[in-house]
Amino acid sequence: MIDDDGAWLDRWLLETRATVDAELDRVLPRGSAAGDDPGRLCEAMRYAVLGGGKRLRPAITLAACAAAGGTRAAALPAAAAVELLHAYTLIHDDLPAMDDDDERRGRPTVHIEFGEASAILAGDALLTAAFATLAALGAATADAVRVLGARAGAGELLAGQARDLALADNALPALPLLERIHAEKTGALFAAAAELGAIAAGAGDDVRARLAAFGMELGIAFQHADDLADADHPEHAPMARRRVAELVAHASALLAPLGDGARPLRLIAARIGATAT
């Protein structure tokens, strides 16, 4: 059964990624018909977004919408918005003033390929595009903007980046502080992704809160698992493995009232848990 579930999830993720990629390609600007693209801005945006990635966050949006009884089409604008915003954070995180990375997904980062100024503008443009894309949700737009704005703003995602930057070079944060940073930098966008799916489905407050909590738990577990895979913070590795198991178990339990529609979310959580064993 585990193998069957794994194969099913692989197919589901592949199909979902193709759907999301097509939507991203549709909503991203290409420059004018005359080929005018000042500073290669549109090219840089497309380079950042369409150059790979697992599309896990938009997959969670689509899966959460299904779990709440909605359709894939209803959640697609929110899924695209989440990935556009995620791409903006990666561009800015890679900048010399932040993490100063030269490579991402096996190729030069945006500021190396296009220059630092163009990278900043491309990140700004993707952030703006994320919120513009939510307008396709119609009556749910205002609610979705509020959720994504709160999760991606100074209270959570940006606070986590600021907290991370404030650490002394090579300092080992205590596990509670590290997990707080994980919650803000990664968990917040996972929580937004899941709640936006619920909003797109027209779900009530209980389901929205349940899916947002699921996303937060899953995001923290994902970041712990990612650190373990990269051998980051090895001193915390034994406890981080325990925390992944605890977080995944709790996240999965939150899905119990949602029935069979939550199968993709359950399998995504199980896969994240398995990567840290």
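These numbers come from the heavy atoms of this one structure, side chains and all, not from hydrogens, waters or symmetry mates. Residue numbers count from 1 along this sequence.
A salt bridge links D143 to R146: one of the charged nitrogens lies within less than 4.0 Å of a carboxylate oxygen. The pair D25-R30 counts as a salt bridge, with a side-chain nitrogen and a carboxylate oxygen less than 4.0 angstrom apart. In summary, E15 and R11 do not engage in a salt bridge, as defined by a charged side-chain N under 4.0 Å from a carboxylate O. For the pair R46 and E43, the salt-bridge criterion is not met [side-chain N within less than 4.0 Å of a carboxylate O].
Between the side chain of T275 and the backbone N or O of I272, at least one donor-acceptor pair lies under 3.5 Å. The backbone N or O of A81 sits nowhere less than 3.5 Å from a side-chain atom of T133 that would complete a donor-acceptor pair.
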Inset, instruction - Please report the C-alpha distance between R72 and T16 in whole Å, then the side-chain angles of each, then the deciding distance to 0.1 Å, and finally whether the side-chain contact (heavy atoms from CB on, under 4.5 Å) criterion is met. - result: CA-CA 9 Å; R72 175 169 290 194; T16 298; 3.1 Å; yes

Legend entry - Test side-chain contact (heavy atoms from CB on, under 4.5 Å) applied to R151 and L196, step by step: CA-CA 11 Å; R151 292 292 191 182; L196 287 176; over 6 Å; no

Legend entry - Worked check of side-chain contact (heavy atoms from CB on, under 4.5 Å) between R104 and I112: CA-CA 10 Å; R104 181 174 290 278; I112 295 296; over 6 Å; no

Legend entry - Steps toward side-chain contact (heavy atoms from CB on, under 4.5 Å) verdict (F190, Q223): CA-CA 11 Å; F190 273 64; Q223 195 57 59; over 6 Å; no

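For the atom pair L211 CG and L255 CG, the distance stands at 7.0 Å (nearest 0.5 Å). In this structure, the separation between CG on L218 and CG on L247 is 9.0 Å, given to the nearest 0.5 Å. With values rounded to the nearest 0.5 angstrom, I120 atom CD1 is found 12.0 Å from Y88 atom OH. Atom-to-atom distance recorded for I220:CD1 and I181:CD1 is 12.0 Å, nearest 0.5 angstrom. For the atom pair OG1 of T128 and CG of L85, the computed distance is 10.0 Å after rounding to the nearest 0.5 Å. Taking CG from L189 and CE from M216, the interatomic distance works out to 10.0 Å, rounded to the nearest 0.5 Å.
Residues L157 and A152 come closest through the heavy atom pair CB-CA, 3.8 Å. Here the closest non-hydrogen pair linking A212 and E195 is CB-OE1, 3.7 Å. Contact between G52 and R17 at its shortest, heavy atoms only, is CA-NH2, 3.9 Å. Minimum heavy-atom separation, V147 to I199: CG2-CD1, 3.8 Å. When all heavy atoms of A136 and T141 are compared, the closest pair comes out as N-OG1, 4.5 Å. Closest non-hydrogen pair, L126 versus M45, comes out as CD2-CE, 3.8 Å.
In the hydrophobic clustering of ILVMFWY residues, with side-chain heavy atoms under 4.5 Å counting as a link, L56 and W12 come out together. If you chain together hydrophobic residues whose side chains sit under 4.5 Å apart, V49 and I91 fall into the same group.
With a 4.5 Å cut-off on side-chain heavy atoms, Q161 and L165 count as touching. Side-chain contact between M98 and D94 is absent, with no heavy atoms from C-beta onward closer than 4.5 Å.
A side-chain hydrogen bond (donor to acceptor under 3.5 Å, both in side chains) with H224 is found for exactly one of R242, R243, E179, R241, namely E179. Of the options T19, L24, L14, a side chain to side chain contact (heavy atoms under 4.5 Å, CB included) to R55 is made by L24 and by none of the others.
No side-chain donor-acceptor contact under 3.5 Å links H236 and D227.
Note on ring orientation: taking the six-membered ring where Trp is involved, the planes of Y47 and F114 are perpendicular (angle over 60°, cut-offs 30° and 60°).
A 6.0 Å sphere centred on CG of D260 holds no more than 12 heavy atoms belonging to other residues, nucleotides or ligands.
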